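All values below come from the heavy atoms of this structure, side chains included, with hydrogens, waters and symmetry mates left out. Computed from a predicted structure; not experimentally measured.
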Amino acid sequence: MSEFKVVVTDYEYDTFVPEEQVLNKLGIKLTFAQCKTEDEVIDACKDADALINQYAPISRKVIENLENCKVISRYGVGFNTIDIDAATEKGIIVGNVTDYCLDEVSDHAMALLLSSVRKVTLMNNAVKNGNWDFKVAVPIFRLRGRTLGLVGFGNIPQTVAKKAQAFGINVIAYDPFVPEAVAKNMNVELVSLDQLCEQSDYISVHTPLNQHTQGMISHDQFNKMKKEAFIINTARGPVIDEKALIQALQEGKIAGAGLDVLEVEPVEQENPLLKMDNVILNPHSAFYSVEAEAELKRKTAENVADVLSGYYPTYLVNKAVKEKVTLNEK
């Protein structure tokens with residue numbers, strides 16, 4: 001049996017075969033918890049060498065109470081559940097998985113876009129309610145020649161760009177961290193956020209959630225959008241100011257929305273978005289496929305195995321931690 005204790009802080013999975021296949025090689029047997037609060041995480045993980053995290057809060061308070069932790073690995077691309085600065089200060093490596101669902105999320109973004117623009121879901125619901133009449137969806141505009149604005153231009157939105165361009169859609173993007181040459185090579189123009197809102201017929205959100213991006217799409221941005229515009233979000237709900245979105249939809253400032261994520265999940269039953277025919281809601285599912293889930297679980301465990309074996313993980317979030325922790329490069 002390994003000397004290491006690895007705790008899964010919380011989970012929605014029915015199987016852990018991919019993780020066990022990785023960690024069994026080190027003799028590690030996983031410890032499982034279903035933590036919802038900081039105190040529950042501290043109680044379960046105080047003496048752990050590694051944490052595998054889904055949604056439980058790994059705050060500064062939690063991190064300061066971790067006595068042996070060397071690595072926190074998160075199921076997913078985003079890492080907003082973890083206080084990165086606190087982890088770095090304590091010399092704890094944070095890992096995520098950035099490439100397990102590129103096709104899934106980009107496909108889902110395109111599915112929401114196409115269903116919104118072609119009003120597929122609206123007409124499906126009408127037909128099932130006894131109304132066989134395409135006029136319920138009027139007006140529908142041709143996709144070819146329209147402009148898609150991508151908020152963020154990392155791996156997933158770059159994949160979206162290729163798929164949208166196959167439909168004859170012009171693509172622009174806002175991302176202050178992406179070199180001009182990268183966008184130009186993909187025939188995508190980098191613009192300011194204001195320009196993106198003004199020029200786009202469709203907007204798809206792909207930024208991580210952090211202190212700089214929370215609420216970045218709000219009243220000012222909706223006021224600049226076209227009345228025919230649709231907004232798609234497969235990133236994180238709080239990137240869009242939901243009250244501002246609801247107001248924009250109610251006042252007809254934009255045409256509709258396709259949302260896989262919301263500010264509060266699961267959706268609250270009093271949320272006005274539930275009653276809007278021009279809004280498509282999905283339950284934070286864009287990441288999912290059978291293959292993607294297995295890949296995510298394996299790679300999340302590999303982050304832990306790497307660190308406990310003396311290596312920096314493939315997916316290292318807090319690169320500044322190298323100033324405090326010296327491991328081998330893979």
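The heavy-atom pair separating Ser116 from Ile232 by the smallest distance is OG-CD1, 4.0 Å. The two residues Val304 and Val71 come nearest to each other via the heavy atoms CA-CG1, 4.1 Å. Annotation for Ala183 and Leu190: closest pair CB-CG, 3.6 Å, computed over non-hydrogen atoms. Contact record, Leu262 with Pro238: O-CD, 4.1 Å, taken as the closest heavy-atom pair.
The side-chain heavy atoms of Asp107 and Val160, taken from C-beta on, include no pair separated by under 4.5 Å. The closest side-chain heavy-atom distance from Ile28 to Lys5 is not below 4.5 Å. In this structure, Phe153 and Phe177 have side chains that are not in contact, with every pair of non-hydrogen atoms separated by 4.5 Å or more. Side-chain contact check for Leu281 versus Leu273: some heavy-atom pair is nearer than 4.5 Å. Counting heavy atoms from C-beta outward, Glu104 and Ser106 have side chains that stay 4.5 Å or more apart. Side-chain atoms of Val117 and Tyr202, non-hydrogen and from C-beta on, do get closer than 4.5 Å to each other. Between Asn282 and Ile280 there is a side-chain heavy-atom pair separated by less than 4.5 Å. When side chains are defined from C-beta on, Ile231 counts as touching Leu245, because their heavy atoms get closer than 4.5 Å.
Asp133 places a side-chain N or O within donor-acceptor distance of the main-chain N or O of Lys135, the cut-off being under 3.5 Å. Remark: the backbone N or O of His219 is not paired with any side-chain donor or acceptor of Lys224 at under 3.5 angstrom. Looking at Asp83, its side chain does come within 3.5 Å of a backbone N or O of Asp85 through a donor-acceptor pair. A donor-acceptor distance shorter than 3.5 angstrom exists from the side chain of Thr213 to the backbone of Pro208, with no hydrogens or angles considered. Panel note: side chain Gln54, backbone Glu12; a donor-acceptor pair is recorded below 3.5 Å.
In this structure, Lys226 pairs ionically with Asp201, as a charged nitrogen and a carboxylate oxygen lie closer than 4.0 Å. Taking 4.0 Å as the cut-off between side-chain N and carboxylate O, Glu302 and Arg298 count as a salt-bridged pair. Residues Glu19 and Lys297 are paired through a salt bridge, judged by an N-O separation under 4.0 Å between the basic side chain and the carboxylate. Taking a cutoff of 4.0 Å between a charged side-chain nitrogen and a carboxylate oxygen, Asp103 and Lys163 qualify as a salt bridge. Using a 4.0 Å cut-off between charged nitrogen and carboxylate oxygen, Asp39 and Lys61 count as a salt-bridge pair. With respect to the salt-bridge test (charged N to carboxylate O, under 4.0 angstrom), the residues Glu89 and Arg60 qualify. A salt bridge does not link Arg146 with Glu228: every distance from a Lys NZ or Arg NE/NH1/NH2 to an Asp or Glu carboxylate oxygen is 4.0 Å or more.
Ile156 and Ile217 fall into different hydrophobic clusters, where Ile, Leu, Val, Met, Phe, Trp and Tyr are joined by side-chain heavy atoms under 4.5 Å apart, directly or via other members. In terms of hydrophobic clustering, with Ile, Leu, Val, Met, Phe, Trp and Tyr side chains grouped at heavy-atom distances under 4.5 Å, Ile92 and Val317 are assigned to a common cluster. Ile72 is connected to Ile42 through a chain of hydrophobic side-chain contacts under 4.5 Å among Ile, Leu, Val, Met, Phe, Trp and Tyr, so both are in one cluster. One hydrophobic cluster, built from ILVMFWY side chains closer than 4.5 Å, holds both Ile84 and Val41. The cluster map of Ile, Leu, Val, Met, Phe, Trp and Tyr, joined by side-chain heavy atoms under 4.5 Å apart, puts Val6 and Leu296 in the same cluster.
Separation of atoms NZ (Lys119) and CZ (Phe141) is listed at 7.5 Å; rounding is to 0.5 Å. The CG atom of Asn318 sits 9.0 Å away from atom CZ of Phe79, with the distance rounded to the nearest 0.5 Å. One distance of note links CG of Asn303 with CZ of Arg74; it measures 12.5 Å at 0.5 Å rounding. Between atom CG of residue Asn53 and atom OG1 of residue Thr9 there is a gap of 4.0 Å, rounded to the nearest 0.5 Å. Here OG1 of Thr88 is found 9.0 Å from NZ of Lys324. Values are rounded to the nearest 0.5 Å. With rounding to the nearest 0.5 angstrom, the SG atom of Cys101 is 8.5 Å from the CD atom of Glu295.
Side-chain contact, Asn170 with Glu189: no donor N or O sits under 3.5 Å from an acceptor N or O. Donor-acceptor pairing under 3.5 Å is recorded for the side chains of Gln195 and Ser192.
Sorted pairs that involve residues 295-330 and meet ring pair (Phe, Tyr, Trp, His ring centres under 6.0 Å), not counting sequence neighbours, are lacking altogether. Within the structure, every pair that satisfies the side-chain hydrogen bond (donor to acceptor under 3.5 Å, both in side chains) test and touches residues 244-264, not counting sequence neighbours, is listed here: Asn223-Lys253, Gln247-Glu251, Glu251-Lys253, Asp260-Ser285.
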I'd like to know whether Gln199 forms a side-chain hydrogen bond (donor to acceptor under 3.5 Å, both in side chains) with Thr147, so could you lay out the CA-CA distance, the side-chain angles of the two residues, the decisive distance to 0.1 Å, and finally the verdict.
CA-CA 7 Å; Gln199 297 175 22; Thr147 296; over 6 Å; no

Apply side chain to side chain contact (heavy atoms under 4.5 Å, CB included) to the pair Phe222 and Ile254, showing each step before the final yes or no.
CA-CA 7 Å; Phe222 287 118; Ile254 62 172; 4.0 Å; yes

Working note: Lys36 + Asp10, criterion salt bridge (Lys or Arg N to Asp or Glu O under 4.0 Å); need CA distance, chi angles, decisive distance, verdict.
CA-CA 8 Å; Lys36 297 187 181 301; Asp10 60 306; over 6 Å; no

side-chain hydrogen bond (donor to acceptor under 3.5 Å, both in side chains) between Thr314 and Lys299: does it pass, once the steps are laid out?
CA-CA 9 Å; Thr314 301; Lys299 289 182 173 180; over 6 Å; no

Go through it in stages, so that I can follow the logic: the residues are Leu196 and Val151, the test is side chain to side chain contact (heavy atoms under 4.5 Å, CB included), and I'd like the CA-CA distance, side-chain angles, deciding distance and then a yes or no.
CA-CA 8 Å; Leu196 184 141; Val151 182; 3.9 Å; yes

Between Asn271 and Glu242, is a side-chain hydrogen bond (donor to acceptor under 3.5 Å, both in side chains) present by the stated rule, with each step listed?
CA-CA 10 Å; Asn271 192 320; Glu242 201 165 286; 2.9 Å; yes

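For Asn187, the CG atom is loosely surrounded, since the number of other residues' heavy atoms within 6.0 Å does not exceed 12. Within a 6.0 Å sphere centred on NZ of Lys128, other residues, nucleotides and ligands contribute 12 heavy atoms or fewer. No more than 12 heavy-atom neighbours from other residues, nucleotides or ligands sit within 6.0 angstrom of CZ on Phe167. Glu67 CD: more than 12 foreign heavy atoms inside a 6.0 Å radius.
Tyr55 has its ring centre no less than 6.0 Å from the ring centre of Tyr11.
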